[in-house]
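Notes for the one structure printed next.
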Amino acid sequence: MLKPNVRVRIEKNRLKYFEHYSDGPDRGNSFELLNGRKVDEFFYSAIIQDVQVILDGMESDTYYTTKDMCSENLWLSLSPWNRKVAGMCVADAVLRGSLSV
């Protein structure tokens, strides 16, 4: 099980993007997760980049939530639904080998 919460800086325009992202139409190219759900490529890459910044400081054999692995600014800017989608993105990246946790 993955945990989510990490401190990382994020640009203001990105935060605005996430505030208006939830449940809207695609705002760019979509990316298909291994579970078949489609997410915006920008959303996916922003989540994964945010998590990658934190990976070096993580302890091995410790459980982290998606909230633990994302910056506070990013996490707070996400709607409850997009927080779930962020967790799916992290799980997808781990399964694909893009993130090694």
* Under the side chain to side chain donor-acceptor pair (under 3.5 Å) test, which residues partner Arg37, sequence neighbours left out? -> none
* **Separation between CG of Leu99 and CG of Leu55, rounded to the nearest 0.5 Å** => 5.5 Å
* Please report the closest heavy-atom contact between Leu78 and Arg83, naming both atoms and the distance. => O-NE, 3.3 Å
* Asked: Looking at side-chain heavy atoms only, is the closest gap between Val85 and Phe43 below 4.5 Å?
  -> yes
* Asked: Does the side chain of Ser30 reach to within under 4.5 Å of the side chain of Asp40, using non-hydrogen atoms?
  -> no
* Using a 4.5 Å cut-off on heavy atoms from C-beta on, say whether the side chain of Glu72 contacts that of Trp75. => no
* Structure fact -> Separation between CD1 (Ile47) and SG (Cys70), nearest 0.5 Å, reads 5.0 Å
Which pairs of donor and acceptor atoms, one on a side chain in residues 87-95, lie under 3.5 Å apart (sequence neighbours left out)?
| from | atom 1 | to | atom 2 | distance (Å) |
| --- | --- | --- | --- | --- |
| Asp92 | OD1 | Leu34 | N | 2.7 |
| Asp92 | OD1 | Arg96 | NE | 3.3 |
| Asp92 | OD2 | Tyr44 | OH | 2.9 |
| Asp92 | OD2 | Arg96 | NE | 2.6 |

* Asked: Does one hydrophobic cluster hold both Leu74 and Leu76, with members joined at side-chain heavy-atom distances below 4.5 Å?
  -> no
